[in-house]
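Keep in mind that the numbers below use all heavy atoms, side chains included, and drop hydrogens, waters and symmetry copies. In this text, all values refer to a predicted model and were calculated from it rather than measured experimentally.
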Amino acid sequence: MKCNTPYSTISRRHFLYTSGLTLASSALSAEKIIGANERIRVGFVGMGSRSAVLLKQFLNIPNVEVVAICDPDTAQMQEQMGVINKSITEAKNRNFTSTSVDTIQDYRKLYERSDIDAVIISSPNHWHTLQAIHAVQAGKHVYLEKPLSFTPWEGHQLQAATERYGKIIAPGFQNRSDPGPQNGIQFVQDGNLGKILKVRSLCYRNRDSIGSPLAQPLKIPSTMDFDLWLGPAQEQPIMRPKIHYDWHWDFNTGNGDMGNQGVHETDMVYWLLGHPGLPEQINCFGNRFAWNDAGNTPNMFTIWCKWGGVEVILETNDVKLGPDRNASSIRMGTRVGIVAECEGGFLKGGRGGMVAVEPDEKTIIRRFKGDGGKSHQQSFIEAVRNNDSSTLPTTVAKSTPAEAVMHFGNAAYRTGTLTDESTLKSSVQGNEDLMEILSDQSEQLKAWGINKPQYFAGKTVHLNTETGEVLKPLMGKELIGPNYRKGFEVPKLV
């Protein structure tokens, strides 16, 4: 996705009014801190379950000080303070600098501080782009959890922000730092398995229902500033039993599992294919089966396209093999990862390791040991210390086109037509891989008592591969952006 459209301008007065930040002083102070001392001072924005992992990772990096944490729900901050205090206690015998950490409910107040060099953002998806842009405008470097954007339009704005404000935005795609995918993908790109014929992205999980829809809207916790939590999203009642984490399964605040876990695998596909930009067409089918719960994102979802001249299928399946079976499906020996079919064999796997096998899918050609991308956070800190983004394992520019495929697939699903299984099979009959997916899902759903599944079949999305413009069908801004509550608008930078 290229940012080649002339940038619009944001007035300094407008940004100061909407965010309450003193940009120039923050930026100058950050430069002085890093220039005078190698210690990097960081703040955390969004203190949900992902932040607990990130806190431990960043607290283990020498000369990193956690100055403050932030969340609209003070209860979430208090929970993560336990993680911080435990880390401080365990670190008594080494060079550990975080001795006291402030809690701040409004991220804009955190951005005002001159003693913070960088922020780590792990808030709900709908907040990622706005909080990242506000951070770089305030002179802060950013480590941004995936997905970086909530819509394709936001991806353009985020990329423009990296170019305009000169601050680092490091994507949280840790697979890019894992030697398993690094070496496995390079092995294929060097031609060792011949031409790439097909690539599958697989995300098979055994998730559970999030609970039946409530009869009355959820009572918001007294510890939460709900307006600040909702931010750019539309004001809608919460009709699920739990507000935290389950926002992933509501299109108002999340992107489903294709944007939660599946986006990691989509990114690996894009990486393997050599970052070819956007495909000309995107197709999809899926539905939310079996659970009858409060979620509205699909728990079985398939996107397919021709990407960089290669047939690609992206698949998520969160439904267990049966209501009494704590196990997920598996395809081609893989549950979560990618499978690249090449002329001379297959590359399989992802985070933690990959393997190249002969066309029989059994005989091992080479193993590529992984470590889960444990150096990913360290690479961000080193980039901040040196003010040099060229050493990052990946960039916003390399991440947003892969995310856009997920976003356009979700948009196609949301505008799709409810179709019975036999009609859907007739429409994809020429594609053996899609027929296999539908047949396998049919058997899986029978275990749940669903004998005649219906799917939302999306209309084919036709794209301008240079600009990301949807040529057809017509799609509203609520699906591809921008569409924000007043006072929480992502600025138009391109």
Mark yes or no for whether [X], through its side chain, and [Y], through its backbone, hold a donor-acceptor pair below 3.5 Å.
X	Y	result
Thr334	Val336	no
Arg176	Gly373	no
His128	Ile121	no
Arg200	Val312	no
Asn60	Lys56	yes
Asn252	Gln234	yes
Thr391	Ala383	no
Gln189	Trp271	yes
Gln377	Leu54	no
Arg335	Ser328	yes

Please tell me if the side chains of [X] and [Y] come closer than 4.5 Å, counting only heavy atoms from C-beta onward.
X	Y	answer
Lys320	Asp208	yes
Asp71	Ile69	no
Lys242	Ile210	no
Lys398	Thr395	yes
Cys203	Asn317	no
Arg113	Val67	yes
Leu202	Ile338	no
Lys167	Val142	no

Centroid-to-centroid, [X] to [Y], below 6.0 Å?
X	Y	result
Trp127	Phe150	no
Tyr270	Trp307	yes
Tyr111	His134	no

Over all heavy atoms of both residues, which pair between [X] and [Y] is shortest? Give the atoms and the distance, please.
X	Y	answer
Ser399	Thr394	OG-OG1, 3.7 Å
Gln174	Arg50	NE2-NH2, 3.6 Å
Cys70	Met77	CA-SD, 3.7 Å
Val101	Ile84	CG2-CG2, 3.8 Å
Ser201	Val269	CB-CG2, 3.9 Å
Gly370	Pro179	CA-CG, 4.2 Å

(request) Report the C-alpha distance between Phe408 and Met406 in whole Å, list the side-chain angles of each, state the deciding distance to 0.1 Å, and finish with yes or no for side chain to side chain contact (heavy atoms under 4.5 Å, CB included). (result) CA-CA 6 Å; Phe408 286 124; Met406 174 268 295; over 6 Å; no

How many angstroms lie between [atom1] in [X] and [atom2] in [Y], if you round to the nearest 0.5 Å?
X	Y	atom1	atom2	value
Thr223	Gln105	OG1	CD	8.5 Å
Asp102	Met81	CG	CE	8.5 Å
Arg108	Asp106	CZ	CG	4.0 Å
Met224	Leu230	CE	CG	10.0 Å
Arg351	Gln261	CZ	CD	5.5 Å
Phe456	Thr415	CZ	OG1	10.5 Å

Polar contact flag, side-chain donor to acceptor under 3.5 angstrom, [X]-[Y]:
X	Y	value
Glu382	Gln378	yes
Ser149	Glu403	yes
Glu145	Ser122	no
Asn260	Lys146	yes
Tyr204	Glu315	yes
Asp117	His141	no

(request) Before giving the answer on salt bridge (Lys or Arg N to Asp or Glu O under 4.0 Å), spell out for Arg205 and Asp257 the whole-Å C-alpha distance, their side-chain angles and the decisive distance to 0.1 Å. (result) CA-CA 9 Å; Arg205 308 297 291 269; Asp257 219 7; 5.2 Å; no

(message) Please enumerate all residues that pass ring pair (Phe, Tyr, Trp, His ring centres under 6.0 Å) together with His407, with sequence neighbours excluded.
(response) none

(message) Under the rule for ring pair (Phe, Tyr, Trp, His ring centres under 6.0 Å), what residues qualify as partners of Phe187, not counting sequence neighbours?
(response) Phe368

(request) Kindly indicate, with the supporting measurements, whether the criterion side chain to side chain contact (heavy atoms under 4.5 Å, CB included) is fulfilled by Ile40 and Glu65. (result) CA-CA 6 Å; Ile40 305 299; Glu65 179 179 355; over 6 Å; no

(request) Determine the interplanar angle of the Phe226 and Trp229 rings, folded into 0 to 90°, and report it as parallel if under 30°, tilted if 30 to 60°, perpendicular if over 60°. (result) parallel

(request) Evaluate the side-chain hydrogen bond (donor to acceptor under 3.5 Å, both in side chains) criterion for residues Asp178 and Asn175: first the C-alpha distance (whole Å), next the side-chain angles of each, then the deciding distance (0.1 Å), finally the verdict. (result) CA-CA 5 Å; Asp178 190 323; Asn175 293 347; over 6 Å; no

(message) Let's go through Thr74 and Thr103 carefully: what are the C-alpha distance in whole Å and the side-chain angles of both, what is the deciding distance for side chain to side chain contact (heavy atoms under 4.5 Å, CB included) to 0.1 Å, and is it a yes or a no?
(response) CA-CA 8 Å; Thr74 58; Thr103 57; over 6 Å; no

(request) Just do the side-chain hydrogen bond (donor to acceptor under 3.5 Å, both in side chains) check on His244 and Asp73 with the steps written out, would you? (result) CA-CA 10 Å; His244 292 305; Asp73 189 345; 2.8 Å; yes

(request) Evaluate whether atom CD of Glu280 has more than 12 neighbouring non-hydrogen atoms of other residues, nucleotides or ligands under 6.0 angstrom away. (result) no

(request) Decide yes or no on side chain to side chain contact (heavy atoms under 4.5 Å, CB included) for Trp153 and Ile480, but give the supporting numbers first. (result) CA-CA 6 Å; Trp153 183 85; Ile480 56 178; 6.0 Å; no

(message) Set out, in order, the CA-CA distance, both residues' side-chain angles and the distance that settles salt bridge (Lys or Arg N to Asp or Glu O under 4.0 Å) for Arg288 and Asp293, then state yes or no.
(response) CA-CA 9 Å; Arg288 193 170 184 88; Asp293 66 0; 2.7 Å; yes

